Amino acid sequence: MANCLFIFAVTVTTLVAMIVGLYWNQDLPEGLPYDQQFGARFVGANLDVYRFLVRAASFVGIGDSPIENLNYLLNVAEQIFAPDEEPGLDVYDTKIANVPVRVYKPKHPDAKSTGVVYIHGGGWTIGSVAMYHPLTYQLAKEAKAVLISVE
């Protein structure tokens, strides 16, 4: 029993050390304000962990490719961190020039409302409008703007 506890403790300590190492090893843009450095390091370390997990899963035969595994992992994370939607925005999916988009529109817009077009990264391989929904919803709500998120 003592050997199992020792192995468990060593494994947990090693994983924590790896994650802390990933956190502190993030390259930050020069001049990034101090209050934003935690978030940048945290997101960077999470992406490194995701990258490791999807490559390891592909290596042992889970999923068809690392890209598919990453999409699956990001979709799971998107469902976990979905925002609590408030009644201040109308959100609907439509097409503009045959391109799928999601529109975020304030229910009571000002006479002149700002417009934002959000195009997520991913190079047509990873990411989706749904994955960026928490970010775009918050952005449209805080900016009180009409936001169009392009698939």
Side-chain angles (χ1 to χ4, degrees), residues 1-105 116-143 145-151:
M1 181 69 171
N3 284 340
C4 289
L5 288 175
F6 177 74
I7 291 170
F8 177 76
V10 168
T11 303
V12 168
T13 303
T14 303
L15 288 173
V16 168
M18 286 173 57
I19 291 171
V20 168
L22 287 172
Y23 174 83
W24 284 109
N25 197 32
Q26 297 302 311
D27 291 327
L28 298 178
E30 197 170 308
L32 185 69
Y34 184 75
D35 62 334
Q36 295 177 8
Q37 290 181 9
F38 170 78
R41 288 185 193 280
F42 183 77
V43 169
N46 278 318
L47 290 175
D48 287 345
V49 170
Y50 284 177
R51 188 178 308 123
F52 170 77
L53 289 174
V54 300
R55 287 182 180 160
S58 295
F59 182 74
V60 297
I62 299 173
D64 290 335
S65 70
I67 299 268
E68 282 187 18
N69 291 339
L70 181 60
N71 268 329
Y72 177 77
L73 188 61
L74 292 174
N75 284 329
V76 168
E78 176 261 320
Q79 291 171 4
I80 292 171
F81 298 112
D84 296 330
E85 296 189 8
E86 299 169 13
L89 290 176
D90 285 327
V91 180
Y92 57 92
D93 294 329
T94 187
K95 287 187 176 186
I96 298 176
N98 283 335
V99 176
V101 297
R102 181 169 290 169
V103 178
Y104 301 83
K105 186 176 175 184
V116 177
V117 176
Y118 186 85
I119 302 172
H120 70 82
W124 295 284
T125 55
I126 62 171
S128 67
V129 168
M131 188 179 88
Y132 284 89
H133 177 72
L135 172 71
T136 52
Y137 186 89
Q138 191 70 22
L139 180 61
K141 184 177 88 171
E142 295 292 325
V146 175
L147 187 141
I148 298 174
S149 182
V150 182
E151 183 63 69

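Not measured: the values here are computed from a predicted model.
Remark: Thr13 pairs with no residue by the side chain to side chain contact (heavy atoms under 4.5 Å, CB included) rule, at least two apart or across chains. When the ring pair (Phe, Tyr, Trp, His ring centres under 6.0 Å) test is applied to Phe42, the partners found at least two apart in sequence or on another chain are Phe38. Remark: Arg41 engages no residue in a salt bridge (Lys or Arg N to Asp or Glu O under 4.0 Å) (not counting sequence neighbours). Residues passing the side-chain hydrogen bond (donor to acceptor under 3.5 Å, both in side chains) test with Glu30: none are found, sequence neighbours excluded. Scored by the side-chain hydrogen bond (donor to acceptor under 3.5 Å, both in side chains) test, Asp90 finds no partners at all (sequence neighbours excluded).
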- Task: Test side chain to side chain contact (heavy atoms under 4.5 Å, CB included) on Arg102 and Glu151 and set out the steps.
- Result: CA-CA 8 Å; Arg102 181 169 290 169; Glu151 183 63 69; over 6 Å; no
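When each of Asp93, Val117, Thr94 is paired with Val101, the side chain to side chain contact (heavy atoms under 4.5 Å, CB included) condition holds for Thr94 and for no other.
Contact annotation: the side chain of Gln138 never approaches that of Tyr104 to less than 4.5 Å [non-hydrogen atoms, C-beta and beyond].
Taken to the nearest 0.5 Å, the OG1 atom of Thr136 stands 12.0 Å off from the CD1 atom of Ile148. Note that OH of Tyr118 and CG of Leu139 are 8.5 Å apart. Values are rounded to the nearest 0.5 Å.
A pairwise comparison of heavy atoms in Val99 and Val150 identifies CG1-CG1, 3.7 Å as the closest pair. Of all heavy-atom pairs between Ser58 and Pro66, the closest is OG-N, 3.1 Å.
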